[in-house]
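Reviewing the structure listed below.
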Amino acid sequence: MSTLLRIITNKHITPIHNERNHLFLNRLRKHAELIAAITSGFLIALAWGFENNLSTTTWISLNLAAFTIGGFAKAKEGIEDTIKDRKLNVEMLMIFAAIGAAAIGYWTEGAILIFIFALSGALETYTMNKSEREISSLMDLQPEQALRISNGREEFIHVSALRINDEILIKAGERIPADGVIVKGTTSIDESALTGESFPVEKEKDHKVFAGTVNLTGSLTVEITKLSSDSLFQKIITLVQNAQSEKSPSQLFIEKFENIYVNIVLVVVAVMMFLPHFIFGWSWTDTIYRAMILLVVASPCALVASIMPATLAAISTGARNGVLFKGGVHLENLTSIKAIAIDKTGTLTEGKPEVTDVYVDPNYNKETILGVTRAIEKESNHPLAKAIVSYCNEFNIDDSFDIEETKDVSGKGITAVIQGEIWRLGNLAFVGDKAQEFQNGIASQLAREAKTLVFIAKNETVVGLIALKDILRKDTIAAIKTFKNYGIQTVMLSGDNETTVRAIAKEANIDTYIANCLPEDKVTHVKQLREEYGNVAMVGDGINDAPALATANIGIAMGAGTDVALDTADVVLMKNKLSKIANAITLSARMNKIVKQNIIFSISVILVLIASNFIQVLDMPLGVIGHEGSTILVILNGLRLLKQ
């Protein structure tokens with residue numbers, strides 16, 4: 001019995017024990033650099049505290065151990081990079097300084113240099129990984145399993161096994177495992193992981209759903225439209241990861257400058273190792289010691305770290321709020337744009353018409369006219385018809401009319417025969433010029449307001465008029481105001497007619513507008529704007545505006561997460577909100593400001609430390625603290641961009 005118990009116990013406990021060991025080892029590896037730095041500091045403290053009680057050999061051995069344990073990671077990194085790039089780097093400068101200090105008997109100072117350098121390196125690694133964890137946390141949002149429905153059977157499978165046209169069941173409270181279309185059910189979905197928007201989105205049959213979002217209320221049956229590897233969620237992760245690996249122009253310049261600067265520092269240090277001895281009468285020990293301090297404080301660690309952490313943090317923050325940058329270069333250049341060209345439909349406006357005004361001949365019953373209108377228009381898929389039906393649905397009216405015959409006249413309207421009477425719904429040309437006299441010529445006033453008019457005629461008499469308009473988005477006016485505050489010229493490009501475009505431009509307070517634009521015309525106008533203003537952004541829906549997006553210095557797609565938007569533009573907004581662009585410009589301005597702060601601060605610290613060393617008021621421990629402390633400060637300053 002006891003033997004059987006041990007077997008059963010081992011079967012169940014050993015895997016748990018192994019898993020815990022695995023997790024423990026992973027944590028050790030993750031924090032190995034920090035553990036090595038702390039161990040190095042402990043050995044230094046031990047050697048310093050018991051210096052008078054230890055033999056010379058033991059004391060040196062402790063310092064050597066501190067050198068080796070604390071400096072191994074940075075030395076390995078520096079040597080590997082030097083061999084790979086065939087160029088010296090800041091890590092090698094620190095190694096040379098520590099070895100030089102030990103060579104002239106300053107074992108403790110050299111060990112302290114290694115300790116603080118290792119500690120700052122560990123903290124730098126930690127802070128750099130903080131922005132990467134933003135993306136890693138996104139990756140954890142996509143479920144690994146899905147409940148597939150096949151021939152009435154339900155089975156859990158890995159998301160990678162899902163195929164297009166498979167149907168899956170998603171219960172309330174669960175995350176959606178793959179992109180698809182709802183075939184059954186209604187719900188509210190939290191899409192904040194993709195769009196940054198906190199408000200749930202109402203979804204019903206035929207609506208798209210995306211992997212990584214949360215089904216909040218009802219159960220859904222979803223038909224898969226994309227493989228898990230091709231989902232919008234995976235594309236976003238890949239895009240942001242690629243953006244983080246792409247360096248901005250400022251970062252590339254700093255790295256190029258670093259290579260030249262390191263060589264200059266080495267030459268100056270070589271001269272300083274003997275010149276002060278002959279000019280100022282310093283002892284050889286002091287001369288070499290000061291040269292080693294110069295090697296430390298002149299190292300451009302803080303300058304090199306001034307840009308990349310800030311850029312990574314800004315890209316991560318943008319992604320978290322539904323703004324995807326395809327590289328640091330686009331984020332950096334966003335604040336330098338002088339003009340922004342904006343498509344009208346779906347960008348400045350909602351992209352779908354809404355009923356704004358309804359006029360009915362006083363001799364007719366309004367509910368009857370609307371009932372007939374709804375009965376006729378609900379047979380059509382035209383956007384204007386859908387908008388009219390949606391408006392009529394708000395009223396409790398009877399539309400149970402027996403429609404004997406309907407005829408759709410493309411581009412003009414629709415006719416229907418009801419109880420032997422001919423009804424016509426359409427534009428002015430369709431119902432006749434006399435319609436302009438309806439309600440004392442109200443049609444002319446509505447047309448000047450850029451509204452689309454649908455006349456309702458019974459036989460030869462106009463009995464009603466419905467005005468519709470593609471209304472401005474709620475955030476458009478505020479976003480245009482923000483652009484102007486940044487000194488950006490706003491230009492609207494639209495394929496719509498002059499009257500409509502002029503009215504929208506006036507309402508949105510846009511500086512310039514160009515009407516009747518075909519896709520190729522937009523490209524021409526964007527080129528002209530580039531010649532006039534230099535740096536130009538183009539905002540469009542990512543489909544018909546793709547050529548213009550590619551022509552602009554920065555293409556911004558408001559595609560609600562469409563594949564075309566992801567592929568075409570430099571900046572992608574996961575929601576059709578112009579305010580997101582204003583937020584992106586603000587983020588870009590913050591990033592550029594922080595980068596400038598970091599550069600000025602790091603250069604100032606280097607100059608102060610070099611001057612302090614030259615007048616012999618700075619020892620190596622303080623030099624190391626000043627140098628490495630400034631590096632940590634610029635990294636932490638950059639990481640402030642993670643908060644927005």
Side-chain angles (χ1 to χ4, degrees), residues 30-31 33-34 37 73-74 77-78 81 89-91 93-94 116-138 237 239-259 261-262 299-321 323-335 584 586-606 625-644:
K30 187 176 180 180
H31 302 292
E33 201 172 346
L34 180 60
K74 283 295 182 182
E77 179 184 341
D81 288 347
N89 47 56
V90 293
E91 284 80 9
L93 293 186
M94 295 299 100
I116 298 181
F117 187 54
L119 184 61
S120 68
L123 294 176
E124 181 179 344
T125 300
Y126 170 79
T127 52
M128 292 284 282
N129 287 341
K130 190 173 179 62
S131 64
E132 293 180 8
R133 287 198 294 272
E134 295 285 331
I135 306 305
S136 298
S137 62
L138 271 182
I237 292 171
L239 188 148
V240 178
Q241 286 174 333
N242 291 341
Q244 289 185 328
S245 64
E246 182 182 324
K247 296 173 182 176
S248 67
S250 299
Q251 182 67 24
L252 291 172
F253 172 78
I254 289 293
E255 291 184 2
K256 184 178 180 181
F257 171 76
E258 176 194 357
N259 296 328
Y261 182 81
V262 166
S299 177
C301 292
L303 187 60
V304 171
S306 296
I307 300 173
M308 185 56 75
T311 303
L312 294 179
I315 289 174
S316 298
T317 296
R320 193 172 64 245
N321 290 284
V323 182
L324 307 182
F325 297 95
K326 286 192 176 179
V329 58
H330 309 303
L331 176 58
E332 184 176 307
N333 291 338
L334 201 55
T335 49
T586 302
L587 179 63
S588 174
R590 283 184 63 208
M591 187 197 77
N592 289 335
K593 181 180 179 181
I594 284 176
V595 166
K596 288 178 183 177
Q597 290 173 350
N598 286 347
I599 291 174
I600 293 171
F601 174 73
S602 58
I603 291 175
S604 300
V605 169
I606 289 173
I625 292 171
H627 174 267
E628 298 303 330
S630 65
T631 302
I632 294 171
L633 286 176
V634 298
I635 292 172
L636 293 176
N637 192 39
L639 290 178
R640 289 194 296 122
L641 288 166
L642 286 172
K643 297 181 179 180
Q644 182 174 338

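Put simply, CD1 on Ile600 and OG on Ser306 are 10.0 Å apart, with the number rounded to the nearest 0.5 Å. To the nearest 0.5 Å, the span separating CD1 on Ile635 from CG on Asn598 amounts to 9.0 Å. Between the CG atom of Asn592 and the OG atom of Ser588 there is a distance of 4.5 Å, given to the nearest 0.5 Å. Between the CZ atom of Arg640 and the CE atom of Met591 there is a distance of 13.5 Å, given to the nearest 0.5 Å.
Inter-residue side-chain proximity for Gln597 and Ile594 is flagged as met; some heavy-atom pair is nearer than 4.5 Å. The side-chain heavy atoms of Leu587 and Leu641, taken from C-beta on, include a pair separated by under 4.5 Å. In this structure the side chain of Val605 never reaches within 4.5 angstrom of the side chain of His627, judged on heavy atoms. Within the 4.5 Å cutoff, the side chain of Phe325 has heavy atoms near those of the Leu334 side chain. Here the side chains of Thr311 and Glu332 are not in contact, with every heavy-atom distance at 4.5 Å or above.
Here the shortest heavy-atom pairing between Gly638 and Ala313 reads O-CB, 3.7 Å. For the residue pair Leu331 and Ala314, the shortest heavy atom distance occurs at CD2-CB, 3.4 Å. For the residue pair Ala305 and Thr631, the shortest heavy atom distance occurs at CB-CG2, 4.3 Å. The heavy-atom pair separating Ala584 from Val323 by the smallest distance is CB-CG1, 3.9 Å.
The backbone N or O of Leu312 lies less than 3.5 Å from a partner atom in the side chain of Ser316, making a donor-acceptor pair.
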